[in-house]
Structures are given as C-alpha cells and as structure tokens.
**Student:** 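Take this structure, written in structure tokens, and hold onto it; I'll ask about it next.
Keep in mind it's a predicted model, so treat the numbers as computed, not measured. We use all heavy atoms of the structure for the numbers below, so side chains are in, but hydrogens, waters and symmetry mates are not.
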Amino acid sequence: MRLGSAANFCPPVEEGLTIVFEDEQGEQSELEFLGLIIHQDRRYGFFFPVSEDAPAGSSGEIVVLEVTELDEDDQPAAFELVEDESIATEAYEVFREATKDLYDFSD
C-alpha cells in the first residue's frame, strides 16, 4: 500500500481500487480512487475515470468529488461533484502537493 506524504492525505487502501457512482439520472461511472485530502475542514476525493476503452489515467482527467456524508465509522458514504472551479483547483493543488512523491501529474 502506498503511504501518504502529508498529514492531510489518505491514500487508497489498495492500488487500483475502483468505485462505481450513479448520478441522479441513473447513469453509472466507474472511477479509480487516488486518495482523499482534508482541506479547510472539508474532504475531497480524487479519481481517474475508467472504462473498458479508457484505462485509468489515459484521459488525463482528474475528477474532484467532495465528501458530503460519512458513515458510522467516519468513512466517506456519499460524494458530490465539485462544480466551483476555483474550489476544485485549490483542492487539486493541495492534492498534488501531498502526493508529489506518489503520482506524476505532468501538465
């Protein structure tokens, strides 16, 4: 298992962990979980979209989701897409700094 390089970073419990999300219209998306950042008392999850035609990381796209609900063990139970681009960018920069020894997010 990978270790976090910052106190506010929680890595995935296993490499390649994918989660299937369903939106309000019932459409499903499979995303590979990269880790979670706690920033300004909020939790943000970072994901690569995954499909049979596009393996994780092939699109270069990172999806930023905010944790909106925790379960009884304080684990994420619900996520919502971060639509405010300035918040998503700020959270992503914190994520990049925290994971600089784990991932290479070349611009």
**Student:** Side-chain contact test, heavy atoms from C-beta onward, threshold under 4.5 Å: evaluate it for L65 versus V82 and give yes or no.
**Tutor:**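 A side-chain contact is absent here, since even the closest heavy-atom pair is not under 4.5 Å.
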**Student:** Under a 4.5 Å cut-off applied to non-hydrogen side-chain atoms, are E61 and V63 in contact?
**Tutor:** yes
**Student:** Would you please classify the geometry between the F79 ring and the F21 ring as parallel, tilted or perpendicular, with 30° and 60° separating the classes?
**Tutor:**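 Ring orientation of F21 relative to F79: perpendicular.
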**Student:** Please collect all side-chain hydrogen bond (donor to acceptor under 3.5 Å, both in side chains) contacts where either partner lies in residues 63-72, sequence neighbours excluded, each pair once.
**Tutor:**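 Listed by first then second residue: R42-E66.
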**Student:** Can you name the residues that form a ring pair (Phe, Tyr, Trp, His ring centres under 6.0 Å) with F33, not counting sequence neighbours?
**Tutor:** F47
**Student:** Side chain to side chain contact (heavy atoms under 4.5 Å, CB included) between Y44 and V67: does it pass, once the steps are laid out?
**Tutor:** CA-CA 6 Å; Y44 299 96; V67 176; over 6 Å; no
**Student:** With sequence neighbours excluded, what pairs up with D74 under the side-chain contact (heavy atoms from CB on, under 4.5 Å) test?
**Tutor:**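 D74 satisfies side-chain contact (heavy atoms from CB on, under 4.5 Å) with L70 only.
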**Student:** In the single-linkage hydrophobic clustering (I, L, V, M, F, W, Y; side-chain heavy atoms under 4.5 Å), do L36 and V20 co-cluster?
**Tutor:** no
**Student:** If we count only N and O atoms by modelled type, under 3.5 Å, do the side chains of E30 and T18 hold a donor and an acceptor together?
**Tutor:** yes
**Student:** Checking D41 now: which residues fulfil side-chain contact (heavy atoms from CB on, under 4.5 Å) with it, not counting sequence neighbours?
**Tutor:** none
**Student:** Drop me the distance from L81's CG to D23's CG, to the nearest 0.5 angstrom.
**Tutor:**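 Reported value, rounded in 0.5 Å steps: 10.5 Å.
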**Student:** Minimum heavy-atom separation for A91 to F46, with atom names?
**Tutor:** O-CZ, 3.5 Å
**Student:** For a 4.5 angstrom cut-off between non-hydrogen side-chain atoms, does L31 reach I19?
**Tutor:**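 A side-chain contact under 4.5 Å is absent here.
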**Student:** Can a donor-acceptor pair be found, under 3.5 Å and without considering hydrogens, that links the side chain of D73 to the backbone of Q75?
**Tutor:**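 No, because the side chain of D73 does not come within donor-acceptor range (under 3.5 Å) of the backbone of Q75.
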**Student:** Give, for atom CG of D84 and atom CD of E90, the distance between the pair rounded to the nearest 0.5 Å.
**Tutor:** 9.5 Å
**Student:** Mind checking what makes side-chain contact (heavy atoms from CB on, under 4.5 Å) contact with S29, not counting sequence neighbours?
**Tutor:** none
**Student:** So how far is it from T99 OG1 to D101 CG, rounded to the nearest 0.5 Å?
**Tutor:**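 Nearest 0.5 Å value for the OG1-CG distance: 8.5 Å.
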**Student:** Considering non-hydrogen atoms only, spot the tightest contact between G16 and E32 and give its length.
**Tutor:**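 Answer, listing the atom of G16 first, then E32: CA-OE2, 3.6 Å.
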**Student:** Could you tell me which residues satisfy side-chain contact (heavy atoms from CB on, under 4.5 Å) with E85, sequence neighbours excluded, listed by chain and number?
**Tutor:** T89
**Student:** So, taking the atom named CZ in F9 and the one named CD1 in I37, what distance separates them when rounded to the nearest 0.5 Å?
**Tutor:**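 Taking CZ in F9 and CD1 in I37, the distance rounds to 6.0 Å.
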**Student:** Less than 4.5 Å apart, side chain to side chain, heavy atoms only: is that true for F48 and I62?
**Tutor:**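 Result yes, sub-4.5 Å side-chain heavy-atom pair found.
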**Student:** Within this structure, what is the CZ-CG distance for the pair F95 and L102, rounded to the nearest 0.5 Å?
**Tutor:**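 Output value for this atom pair is 8.0 Å.
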**Student:** Rounded to the nearest 0.5 Å, how far does CD of E97 lie from CG of N8?
**Tutor:** 9.5 Å
